Engineer: 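Below: one structure in structure tokens.
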Amino acid sequence: MKHRTRFGLGLAGALLLAAPAMAQTKWNLPAAYPPDNFHTENLNAFAKDVADATGGKLQITVHGNASLFKAPEIKRAVQTGQAQVGEVLMSLHENEDPVYGLDVVPFLATSFEQAKKLWDVQKPAIEKKFASQGLMLLFAVPWPPQGIFAKKDINTVEDLKGVKWRSYNPGTARIAELVGAQPVTVQAADLPQALATGVVTTFMTSGATGYDSKVWESLSHFYDTQAWIPKNLTFVNKAAFDALDKPTQEAVLKAAKSAEERGWKTAQEKTKWYVDQMAAKGMKIQPPSAELKAGLQKVGEQLTQDWLKKAGSDGQAIIDSYKKAAM
Ligand code: PCA
């Protein structure tokens with residue numbers, strides 16, 4: 001009897017000791033791009049870093065390809081706590097606040113170096129906006145530069161008149177309007193289907209999304225215009241973050257920092273690889289003609305004016321500090 005009591009206490013004691021180590025928090029991370037896209041792979045590496053650093057205390061499950069929430073719904077899902085952490089293309093939310101739209105102004109930042117400088121001046125405004133929405137920024141990762149995909153020669157912006165243009169955010173819809181194309185909003189997860197059925201024939205995006213969508217099955221031309229470098233943001237519901245213990249919070253922030261560094265590096269390394277893959281599949285890869293470039297630059301100027309009108313003096317201040325930094 002005595003023996004059994006001691007054994008019982010011992011077991012209870014062991015369970016008590018084990019309990020804190022076993023307490024596990026599970027987070028869902030909705031994302032909009034395919035599982036083998038480099039952004040999604042980076043999110044999985046982030047989740048693994050967090051799990052490793054916390055001894056499995058915080059488990060983050062990445063749901064790629066818009067499988068949990070559609071791209072435009074992810075931000076709200078995290079704000080309302082339906083998911084704890086999420087990744088979105090920040091410019092999807094430009095209509096909510098112009099601050100989200102600056103990285104898709106054509107020809108403002110066209111190299112990764114410039115994009116990084118733009119990010120440095122954008123970041124405080126994004127963090128402030130996020131804070132007002134109960135969100136906290138974790139990291140930003142760029143896409144490769146944006147070019148034009150088409151099924152025929154595009155020598156001038158005139159050649160874009162009337163084409164079925166796929167847009168992915170307010171900025172790319174506005175480009176369609178300016179060049180006289182017919183815009184249809186199609187998120188990346190639905191692009192392979194839209195291409196297969198001919199709903200769209202022309203659009204601007206990165207070689208990454210071209211590759212992900214097997215664009216060569218429907219289209220033939222890629223014009224490497226390097227018009228802008230959009231970014232995905234990964235962010236967390238602030239209340240969910242605050243509920244973590246201090247060491248776990250630190251692990252999340254540390255993993256976020258590595259994810260940002262890794263993401264910028266991968267985007268740059270893979271830019272050429274994506275274009276090479278498309279060439280190997282028989283796509284015609286070309287730089288834009290001087291006329292096409294001039295026409296797009298004019299569109300870019302108009303979009304900059306549009307943006308400044310919406311963003312007011314705060315926007316002007318961001319552009320001014322960017323220009324100073326990029327000199
Ligand atoms: N790919 C995403 C956004 C920018 C990019 O390069 C897309 O086309 O939806």
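Remember, it's 1-based here, ligands and their atoms both numbered in the order they're listed. Keep in mind that the numbers below use all heavy atoms, side chains included, and drop hydrogens, waters and symmetry copies. Small disclaimer: the values here were computed from a predicted structure and weren't measured.
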Engineer: Students often mix this up, so state it plainly: with edges at 30° and 60°, are the rings of F130 and F235 parallel, tilted or perpendicular?
Structural biologist: tilted
Engineer: Of N232, T205, D212, which has the heavy atom at the shortest distance from atom 8 (O) of ligand 1?
Structural biologist: T205
Engineer: Need the ligand 1 atom indices (1-based, order shown) with element for anything under 4.0 Å from a heavy-atom of A188.
Structural biologist: 9 (O)
Engineer: Do we see a donor-acceptor contact under 3.5 Å between the side chains of W228 and D103?
Structural biologist: no
Engineer: Should K128 and D97 count as an ion pair when the cut-off is N to O under 4.0 Å?
Structural biologist: no
Engineer: What is the closest protein heavy atom to atom 2 (C) of ligand 1, and at what distance does it sit?
Structural biologist: T209 OG1, 3.5 Å
Engineer: Between E113 and K116, does at least one N-O distance fall below 4.0 Å, as a salt bridge requires?
Structural biologist: no
Engineer: Give a yes or no on whether a salt bridge exists between D306 and K310, defined as a side-chain N under 4.0 angstrom from a carboxylate O.
Structural biologist: no
Engineer: Would you call the rings of Y274 and F38 parallel, tilted or perpendicular if under 30° counts as parallel and over 60° as perpendicular?
Structural biologist: tilted
Engineer: Number the atoms of ligand 1 from 1 as they appear, then name those within less than 4.0 Å of a heavy atom of S206, with their elements.
Structural biologist: 1 (N), 5 (C), 6 (O)
Engineer: Please determine whether any non-hydrogen atom of Q187 lies less than 4.0 Å from an atom of ligand 1.
Structural biologist: no
Engineer: Ligand 1 versus R166, non-hydrogen atoms closer than 4.0 Å: side chain, backbone, both, neither?
Structural biologist: side chain
Engineer: Before signing off on this row, confirm whether W143 and ligand 1 have an N or O atom pair separated by under 3.5 Å.
Structural biologist: no
